[in-house]
Amino acid sequence: MGMPGMPGNGWQVMASFRRDSSVTRQKLKPGTVGRIAGYARPYVRELVLFLGLNSLSALIIVANPLLLKAIIDSGIVAGRQGLVVWLALAVAGLALVEAVLSLVQRWYSARVGEGLIYDLRSQVFAHVQRQPVAFFMRAQTGSLVSRLNNDVIGAQRALTTTLSSVVSNVISLVLVLATMLILSWQVTFIALLLLPIFILPAKWVGKRLQRVSREQMVLDAEMGSLMTERFNVAGAMLAKLYGRPAEEEENFSGRAARVRDVGIVAAMYGRVFFTALTLVAALATAMVYGVGGVLAVNGTLELGTMVALATLLTRMYGPLTALSNVHVDVMTALVSFDRVFEVLDLKPLIRDRDGARPLAEVRPAGKAPEAAQEEAPEAAPGDGVRLTKAGAPSVEFDHVRFAYPSAEEVSLASLESIARTDTAPGREVLHDIDFTAAPGRMVALVGPSGAGKSTITHLVSRLYDVTGGAVRIGGVDVRDVTLESLRAEVGVVSQEAHLFHDSIGANLRYARPGATDEEIRAALEAARIGDLVEAMPEGLDTVVGDRGYRLSGGEKQRLAIARLLLKAPSVVVLDEATAHLDSESEAAVQQALRTALAGRTSLVIAHRLSTIREADQILVIEDGRIAERGRHEELLLQGGLYAELYRTQFAHQRDGDRREQKRPAEPLGAE
């Protein structure tokens, strides 16, 4: 329920008072207002019309009470029936104009507001997408989403809700006060004395609403996090396997109960606020009729003037109370803009150099080695549909050193808690890595966990940049070519194949949006999963589920390989692509990998050493250095770390085989 005569104004006043007043103590970066003006420039025409319509609405606020005065004093009291009818029609006409103005205002407000939201969201999303992987490893996803939702919407309010509210309230207040002073300065002065009766309690209630609102947001976020953890596939599975349903329900009920209790408190504070607003309006109206009535009886005030004053009074308190907290509204909107600009000002650590050119333009064209072509497996059906790429380049690591970037280089403290204290420079994790993967050949990386194998492969596609030395593809420094062209030439299959919650066809077309169904089926056949997809009731339209959980690990890996084949890169990186697969799935994936690697330069991280016996070169990585290098037989003869890893791994395998052989056979149907 709002103040009489001011539809919706009560909600705006309450929203203003419940905003966090501490925002006024924040410092804006220089130039923030100028940048906001830059975003508003495309909408100048709409904004001018919008503010003009707000001004007309403010004039109508004053015009209506004056028409009522004329109806009573010049029409009813004077007995002029025709004038009463015409003035009544004028009141109805103004109401119609006000309704039309309201609709047009809303259209312009939405046009400007939604347009600004679109501009900001699109720009922030595109900018965040260009950030390096290190940024996403540090930033909290919820904070990023908040910048795209809450802060962008808060920024939009600066050009629509806040700006229009300030303009319309100022114009309304000036016109109403001027009109009331002209009609009766005595009544106006007494009415203003009642203002502190509302303002002071409103600020008191507002502070408590701020505290309750903050608590509501925290509790809602906690409850949302709990639901997100329990409702995704991995969380639901874990809860079912290890959780106790009664305790899960009790945990959620406890959080939901706190949200309920805080909601009740917030509702009561809101009701107190509106009750106070309505009460002051009623007291003010009673005062006007009391004082004005006495003056009217004594003949010093006309009856119509008294009615006009009472009507104008109800339209004065709303703008006055709203403007009393306008500094909080303005700063809240400006700070939202500032937080959006903070993300936009974070330059991506990994970006194209000035003058960077596509890799195809700077790399001399070559031809895949004959040996690689000869070793290619027998073509699967459909292999001829752009699944291989001639002219595989060399991959060269030239005395590479690398240290992970610090938090200050890649992230924002406001997007993560750890960045506030983590300011130390990154420790060097790769030392003098020097090797060359010849065109169309395989280089395998082995070694203990944490030795730096994955870090080496990340440098090939410039997920990170080297600290020292250089990484070259086809003799060209990867920092001298465009990121788009580089990543088009490098394909990666990781240990965890990520699939979007979409159809098989859509997941595969992510590698090449223009791929035809024929090309997709060719890639599936080459990845040894074509028959399985064809057997599914919906075929390529089969939805894989959240993160691909409707498929087995081996099926996901083979789809990832099909996606790589569809991309047709000239350099392939395999990061322990078969580490967690059973023997049957591993065999199918290995067949698919042979097709994927044929004629391509490849770097393969291997957990199971049996899979890289035929590698052209094996690098043993230990503590960020190349401890040994050579072919499988050579490294075994050296008797170093590789030989030790090989003996340990196959000793475990032989022990497992012996235990399996000694286990007594169980009869069919045994439990």
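Note that the structure is predicted; figures quoted are calculated from it, not measured.
With sequence neighbours excluded, the residues that form a side-chain hydrogen bond (donor to acceptor under 3.5 Å, both in side chains) with Gln186 are Ser184. Scanning for side-chain hydrogen bond (donor to acceptor under 3.5 Å, both in side chains) contacts around Asp502 gives an empty result, with sequence neighbours left out.
Pairing each heavy atom of Pro65 with each of Thr311, the nearest pair is CG-CG2, 3.7 Å. Of all non-hydrogen atoms in Ser57 and Gln105, the two that sit nearest each other are OG-OE1, 2.7 Å. Here the closest heavy-atom approach between residue Tyr43 and residue Leu116 is recorded as OH-N, 3.7 Å. Contact between Ile60 and Val97 at its shortest, heavy atoms only, is CD1-CG1, 4.0 Å. Residue Leu463 comes nearest to Val133 through the heavy atom pair CD2-CG2, 3.7 Å, listed as atom of the first residue, atom of the second, then distance. Between Val128 and Phe135, the shortest heavy-atom contact is CG1-CE2, 4.0 Å.
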Handout entry: Check against side chain to side chain contact (heavy atoms under 4.5 Å, CB included), Val91 and Ile71
Key = CA-CA 10 Å; Val91 171; Ile71 288 174; 4.0 Å; yes
Practice task
Start with the C-alpha gap between Lys69 and Glu302, add the side-chain angles, then the distance that decides, and say whether side chain to side chain contact (heavy atoms under 4.5 Å, CB included) holds.
Solution key: CA-CA 9 Å; Lys69 174 184 181 305; Glu302 292 179 328; 3.3 Å; yes
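Note that CG of Leu67 and CD1 of Ile72 are 11.5 Å apart. Values are rounded to the nearest 0.5 Å. Separation of atoms CG (Asn54) and OG (Ser102) is listed at 10.0 Å; rounding is to 0.5 Å. For the atom pair CZ of Arg106 and CG of Leu53, the computed distance is 13.5 Å after rounding to the nearest 0.5 Å. Atoms CG and CG, from Asp345 and Asp338 in turn, are 8.5 Å apart once rounded to the nearest 0.5 Å. Between the CG atom of Leu309 and the OG1 atom of Thr285 there is a distance of 11.5 Å, given to the nearest 0.5 Å. Taking CD of Gln131 as the reference point, atom CZ of Arg351 lies at 9.5 Å (rounded to 0.5 Å).
Listed for the Asp352 side chain is a donor-acceptor partner under 3.5 Å among the backbone atoms of Leu483. Counting only distance, with no hydrogens or angles, the side chain of Asn507 and the backbone of Leu499 share no donor-acceptor pair below 3.5 Å.
Looking at Leu175, Ile61, Leu177 one by one, the single match for side chain to side chain contact (heavy atoms under 4.5 Å, CB included) with Met316 turns out to be Leu177.
Heavy-atom contacts from other residues, nucleotides or ligands closer than 6.0 Å to OH of Tyr289 number more than 12.
Ring planes of His498 and Phe500: perpendicular class, angle over 60° (limits at 30 and 60°).
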